[in-house]
Amino acid sequence: MILDSKIPPGPIERKWTDYRFDMKLINPANKRKHKVIVVGTGLAGASASATLAELGYNVHAFTFHDSPRRAHSIAAQGGINAAKNYPNDGDSVHRLFYDTVKGGDFRAREANVHRLAEISTQIIDQCVAQGVPFAREYGGLLDNRSFGGAQVSRTFYARGQTGQQLLLGAYQALMRQVGLGQLKLHARQEMLDVVVVDGQARGIITRNLVTGALERHEADAVILATGGYGRVFYLSTNAAGSNVTATWRAHKRGALFANPCYTQIHPTCIPVSGDHQSKLTLMSESLRNDGRVWVPKKAGDVRSPDQIPESDRWYFLEEKYPSFGNLVPRDVASRNAKQACDQGLGVGETRLAVYLDFSDAIKRLGESKISEKYGNLFHMYAKITDENPYRVPMRIYPAVHYTMGGLWVDYNLMSSLPGLHVLGEANFSDHGANRLGASALMQGLADGYFVIPYTLGNYLASNKISKVTTDHAAFADAERSVKDRLDKLLAVRGGKPAVEFHKQLGKVMWDYCGMARNEAGLKHALQEIPKIRESFWREVSVTGHGQDFNQALEEAGRIADFLEFGELLVLDAFTRRESCGGHFREESQTPDNEALRDDENYCHVAAWEYKGVGETSALHKEPLTFENVHLTQRSYK
Amino acid sequence: MSGKLNFKLRLWRQKDKVSEGKFQEVEAKNISPDMSFLEMLDEVNNDLMRKGEEPVAFESDCREGICGTCSLVVNGLPHGPEKGTTVCQLFMRKFRDGQTISVEPWRAAAFPVIKDLVTDRDAFDQIIAAGGFVSVNTGGAQDANALPVRKCDADTAMDAAACIGCGACVAACPNASAMLFTAAKISHLGHLPQGQPERERRALRMVAKMDELGFGNCSNHYECEAACPKEISVEHIARMNRDYGLSALLGTERERGNTGAG
């Protein structure tokens with residue numbers, strides 16, 4: 001299989017502009033004849049659904065939540081990047097492009113990233129026009145703050161609730177189209193299969209989560225915007241419902257899965273406190289604008305932090321990376337926190353935490369200014385830990401947060417399965433091996449508002465799409481395979497809730513394929529995961545029946561998919577014998593423990609083809625070329 | 001941390017929308033004080049499943065107080081006893097060992113029960129679809145800084161926009177009114193210049209939809225503000241009433257005028 005990324009010709013700053021002219025258009029009156037399915041209503045899905053409906057397409061939007069507004073984009077805290085250069089501090093489209101390629105450790109496509117940087121400015125304009133209440137200065141203009149991996153302030157924010165406000169903007173645009181009758185919303189519907197007719201994605205099978213009924217939906221094209229797979233680690237900052245099911249089922253129908261081993265471990269999360277925890281909570285990276293990260297210099301120093309004088313503290317990020325200080329990229333900050341704890345310098349009861357200290361900033365700016373900037377985060381921290389972060393330093397530790405890997409897509413955001421398009425975190429395209437802070441919101445909205453509305457029209461206008469109804473045999477086959485799997489889950493009648501297997505899987509993933517990975521550990525994980533999967537299918541307890549609102553059945557289905565997908569993630573990590581960004585192979589590091597890439601052998605996208613459960617997937621490589629940014633060892637010193 | 005806790009739970013069980021519901025008594029044993037209320041329910045459900053019994057249905061997603069999915073009435077209070085807190089952020093250290101805790105769904109005619117503790121809040125989406133937006137299509141927006149907004153207005157808009165759409169305001173109100181939810185959106189958009197062109201029409205349409213869906217009226221009990229996990233102020237209701245009054249007087253005329261041309 002040849003992976004054609006379909007990157008347009010020409011100089012990088014002209015590619016998207018010229019390509020938009022070259023793409024075919026659909027006349028306004030004909031757009032309504034095209035039915036488009038969008039699965040997922042987060043930033044990418046809601047913005048795509050609203051925009052396509054505005055253009056006149058017949059859009060059907062699906063969400064497994066009760067309302068489109070619940071998607072996990074809502075929980076993004078810190079902000080959204082854009083190359084506006086309002087602070088006049090040297091930003092530009094080219095600098096955002098450069099920072100993102102470098103931040104991703106040279107494992108993203110240049111052309112995609114440049115397009116993202118170009119579009120970034122339009123996103124802010126669009127969101128402000130919708131009434132998104134971004135933070136402002138007294139002069140009435142928009143405020144900016146800094147995020148990791150950049151030396152300019154280009155992050156727009158709405159207190160610590162930027163994702164919420166951007167999602168509500170997109171959700172309101174979507175609901176407006178519902179009110180206008182341009183868009184049909186299908187809430188509480190979980191996509192369980194993609195239907196392929198004559199080699200094209202032509203529909204989906206969903207389960208109505210209230211009645212349990214399976215439904216067939218046909219369309220001219222299918223768009224997946226179903227988020228990331230971070231919960232394969234069980235504990236993560238993702239929502240309880242976040243899952244890999246939609247992308248995994250599409251993968252089984254022929255869409256290649258790219259770079260699954262690129263997972264982001266976020267440095268500033270509230271540490272694990274016990275085995276009862278269902279999730280971990282992020283403390284926004286924006287806190288590193290004002291918080292200083294430190295540990296005691298001596299191992300086993302159990303004094304309370306206010307009793308440890310300056311001379312006995314090690315501000316390890318500021319010391320090792322003087323140029324970027326506390327604002328190094330996430331992969332670097334996480335690895336350094338882990339190394340400090342591995343050296344016995346960790347703090348708190350578990351010794352698996354470092355301090356994030358605001359006392360200097362509170363002295364400098366006053367408590368009320370800090371509260372205005374981060375009030376909701378401090379409030380959340382206090383609730384969870386029962387400690388007051390205005391008085392004592394926060395304790396933080398890295399946790400799984402975001403997944404850069406996803407379904408492989410070309411420049412048009414179309415997967416290797418014709419007609420199936422993939423947006424936002426669900427695709428792999430823009431962040432390489434490490435995503436910079438405040439870039440996920442940017443990518444989700446770029447894909448939905450400004451890329452897919454063009455490229456989807458081009459796909460529909462350039463391809464023959466024959467009439468298909470849900471009576472087609474492919475729909476019956478797909479529905480039967482979905483039903484068989486649900487019946488199989490219900491038939492086990494074992495004694496263990498599905499979550500027990502999820503926790504086992506998560507432990508293997510975190511211990512052997514987490515912040516640091518090595519050959520022996522990955523081999524071990526490849527042996528363990530199939531064993532957990534087999535015991536799941538022997539012992540899982542799924543109560544109730546299929547024709548009902550049945551959360552045990554929903555959850556078991558998602559965990560069953562994680563038990564298959566986890567193996568692919570580890571296989572990808574095993575195969576990529578270099579370190580890059582969030583993928584740290586212990587065998588491949590510089591003398592001062594930084595990630596050491598192997599550009600000779602691994603400067604490519606690894607795209608995997610499904611071959612069956614327990615069978616080894618086939619690897620396809622898309623070479624990456626760098627014509628505008630030089631491949632160098634990343635440095636933030 | 002301190003020792004484990006035990007509780008007697010009274011959980012509302014209801015098969016579906018049409019069936020009658022009743023309380024089921026269940027023991028919650030060996031609960032860590034650091035567990036959230038929902039993690040405690042997870043444990044109870046796991047025990048039920050190990051015995052082959054059906055777990056109690058309840059909804060949650062982000063578990064960090066922002067998605068608005070979780071929706072439990074705990075000892076008669078939406079989201080439980082702690083002020084400014086969703087039930088997913090309520091921790092068991094706030095309860096006494098041995099305490100009896102009743103857990104019920106939102107109770108409102110416009111939020112029918114789907115199963116056990118899960119309700120259908122589709123009505124909120126319908127209120128937004130009626131007018132809770134700025135009518136601007138993607139593309140063609142002017143530069144974001146072309147229109148300055150006073151900081152105090154942007155801040156007040158953000159205060160209102162912080163609503164998570166959970167429905168606790170409705171559940172707390174003796175009349176099951178959706179005034180605070182609706183007002184929060186009207187006030188968010190009404191405080192910004194982008195929201196001005198549709199201001200009257202928005203109030204008129206959203207309020208009409210709210211009434212149509214069977215939500216009650218406001219009789220100034222302010223239970224909504226007390227229950228709101230984001231502590232959204234009832235002052236926004238006063239603003240909504242102003243916009244609504246204005247549109248009832250003038251807005252319908254203007255709206256008729258607007259649709260005439262073109």
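In what follows, chains are A, B, ... by sequence order, proteins preceding strands, each numbered from 1.
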Check your understanding: When only pairs under 4.5 Å are counted, which of B:V118, B:I31, B:D143, B:N45 shares the most heavy-atom pairs with chain A?
Key -> B:D143
Exercise for review: Check whether more than 12 heavy atoms from other residues, nucleotides or ligands sit under 6.0 Å from atom CZ of B:R13, and answer yes or no.
Suggested key: yes
Check your understanding: Closest heavy-atom contact between A:I384 and B:R93?
Key -> O-NH2, 2.8 Å
Review point. Any side-chain heavy atom of B:F133 within less than 4.5 Å of one from A:L174?
Key: no
Practice item. Find the distance between CD (A:Q165) and NE2 (B:H188) and round it off to the nearest 0.5 Å. Key: 6.0 Å
Exercise for review: Output all residues satisfying side-chain contact (heavy atoms from CB on, under 4.5 Å) with B:A162, sequence neighbours left out; order by chain, then residue number.
Suggested key: A:Q161
Review point. Once you round to the nearest 0.5 Å, how far does CG of B:D122 lie from CG of A:D66?
Key: 8.5 Å
Check your understanding: Which of these, A:L55, A:L445, A:L52, A:T51, sits in a side chain to side chain contact (heavy atoms under 4.5 Å, CB included) with B:T138?
Key -> A:T51
Review point. Can you say whether A:I124 sits under 4.5 Å from chain B via the side chain, the backbone, both, or neither, judging by heavy atoms?
Key: both
Please tabulate, one pair per line, all N/O donor-acceptor pairs under 3.5 Å involving side-chain atoms of residues 127-141 of chain A, not counting sequence neighbours.
{"unit_1": "A:Q130", "atom_1": "NE2", "unit_2": "A:Y449", "atom_2": "OH", "d": "2.8"}
{"unit_1": "A:R136", "atom_1": "NH1", "unit_2": "A:G140", "atom_2": "O", "d": "2.7"}

Study note, to complete from the structure: Among B:A57, B:G65, B:A157, B:G195, the residue with the most heavy-atom pairs under 4.5 Å to chain A is B:A57
Revision key, fill the gap. Cut-off 4.5 Å, heavy atoms of chain A, and the answer for B:I164 is both
Check your understanding: Where is the tightest heavy-atom contact between A:P497 and B:N46, given as atom of each residue plus distance?
Key -> CB-OD1, 3.6 Å
Check your understanding: What part of B:D42 lies closer than 4.5 angstrom to a heavy atom of chain A: side chain, backbone, both or neither?
Key -> side chain
Review point. For the residue pair B:G165 and A:R69, what are the closest heavy atoms and their distance?
Key: N-NH2, 3.3 Å
Revision key, fill the gap. Exactly one of A:T281, A:L280, A:I270 clears side chain to side chain contact (heavy atoms under 4.5 Å, CB included) with B:E64, and that residue is A:T281
Review point. What part of B:T119 lies closer than 4.5 angstrom to a heavy atom of chain A: side chain, backbone, both or neither?
Key: backbone
Point to revise | Donor + acceptor pair across side chains of A:Q551, B:K115 (<3.5 Å) | key: no
Check your understanding: By a 4.5 Å heavy-atom criterion (distance strictly below it), what part of B:D116 contacts chain A: side chain, backbone, both, or neither?
Key -> neither
Check your understanding: Which heavy atom in A:A240 sits nearest to a heavy atom in B:S60, and how many Å separate them?
Key -> CB-OG, 4.4 Å
Point to revise | Proximal component of B:S32, with respect to chain A [non-hydrogen, under 4.5 Å] | key: side chain
Point to revise | Contact winner vs chain A - B:L192, B:T69, B:L48, heavy-atom pairs under 4.5 Å | key: B:T69
Practice item. Give a yes or no on whether the backbone of B:A141 and the side-chain of A:Q126 come within a donor-acceptor separation of less than 3.5 Å. Key: no
Practice item. Please flag which part of B:Q142 lies under 4.5 Å from any non-hydrogen atom of chain A: side chain, backbone, both or neither. Key: backbone
Review point. Contact part of A:D548 toward chain B, heavy-atom cut-off under 4.5 Å: side chain, backbone, both or neither?
Key: side chain
Point to revise | Side-chain ion pair, A:R176 and B:E198, N-O less than 4.0 Å | key: no
Point to revise | Polar side-chain atom of A:Q122 near backbone of B:G140 as donor-acceptor pair, under 3.5 Å | key: no
**Study point:** Region of A:A187 in contact with chain B, defined by heavy-atom distances below 4.5 Å
**Key:** neither
Review point. Where does A:F156 contact chain B at under 4.5 Å (heavy atoms): side chain, backbone, both or neither?
Key: neither
Exercise for review: Let me know if B:D159 has heavy atoms under 4.5 Å from chain A in its side chain, its backbone, both or neither.
Suggested key: both
Point to revise | Which of B:S36, B:G139, B:C152 touches chain A most, by non-hydrogen pairs under 4.5 Å | key: B:G139
Check your understanding: Taking side chain as C-beta onward, heavy atoms only, is B:P55 less than 4.5 Å from A:T543?
Key -> yes
Check your understanding: Considering all heavy atoms of both residues, which atom of A:Y171 and which atom of B:F124 are nearest to each other, and what is their separation?
Key -> OH-O, 4.4 Å
Practice item. Would you mind checking which part of A:Q77 comes under 4.5 Å of any heavy atom in chain B, side chain (CB onward), backbone (N, CA, C, O), both or neither? Key: side chain
Revision key, fill the gap. In terms of heavy-atom pairs under 4.5 Å with chain B, the winner among A:R493, A:Q177, A:K84 is A:K84
Check your understanding: Do the side chain of A:K383 and the main chain of B:Q89 share a donor and acceptor less than 3.5 angstrom apart?
Key -> no
Revision key, fill the gap. To the nearest 0.5 Å, atom CD of A:Q164 lies from atom CD1 of B:I66 at 4.0 Å
**Study point:** Atom group of B:E53 that falls short of 4.5 Å from chain A, counting heavy atoms
**Key:** backbone
Point to revise | Option in A:Q172, A:K496, A:M380, A:Q277 with maximal non-hydrogen atom pairs under 4.5 Å from chain B | key: A:Q172
**Study point:** SB check A:R188 B:E59 (cutoff 4.0 Å)
**Key:** yes
Review point. Salt bridge or not for B:D61 and A:K279, using N-O below 4.0 Å?
Key: no
**Study point:** Side chain, backbone, both or neither of B:S135 within contact of chain A (heavy atoms, under 4.5 Å)
**Key:** both
Revision key, fill the gap. CZ of A:R70 to SG of B:C70, rounded to nearest 0.5 Å, is 9.0 Å
Review point. Who among B:V134, B:V136, B:N145 has the most heavy-atom pairs with chain A under 4.5 Å?
Key: B:N145
**Study point:** Closest approach of A:D125 to B:A144 (non-hydrogen atoms, all atoms of both residues)
**Key:** OD1-N, 2.8 Å
**Study point:** Proximity breakdown for B:H191 and chain A, heavy-atom pairs closer than 4.5 Å
**Key:** neither
Review point. If you count heavy-atom pairs under 4.5 Å between each of A:G241, A:S278, A:G179 and chain B, which one has the most?
Key: A:S278
Exercise for review: Under 4.5 Å heavy-atom distance to chain B, tell me which part of A:T237 shows up: side chain, backbone, both or neither.
Suggested key: backbone
Review point. Within the side chain of A:R159, is there an N or O that forms a donor-acceptor pair under 3.5 Å with the backbone of B:D155?
Key: yes
Check your understanding: Relative to chain A, which segment of B:A130 carries a heavy atom at a distance below 4.5 Å: side chain, backbone, both, or neither?
Key -> neither
Study note, to complete from the structure: So, the part of B:K185 with a heavy atom under 4.5 Å from chain A: the answer is side chain
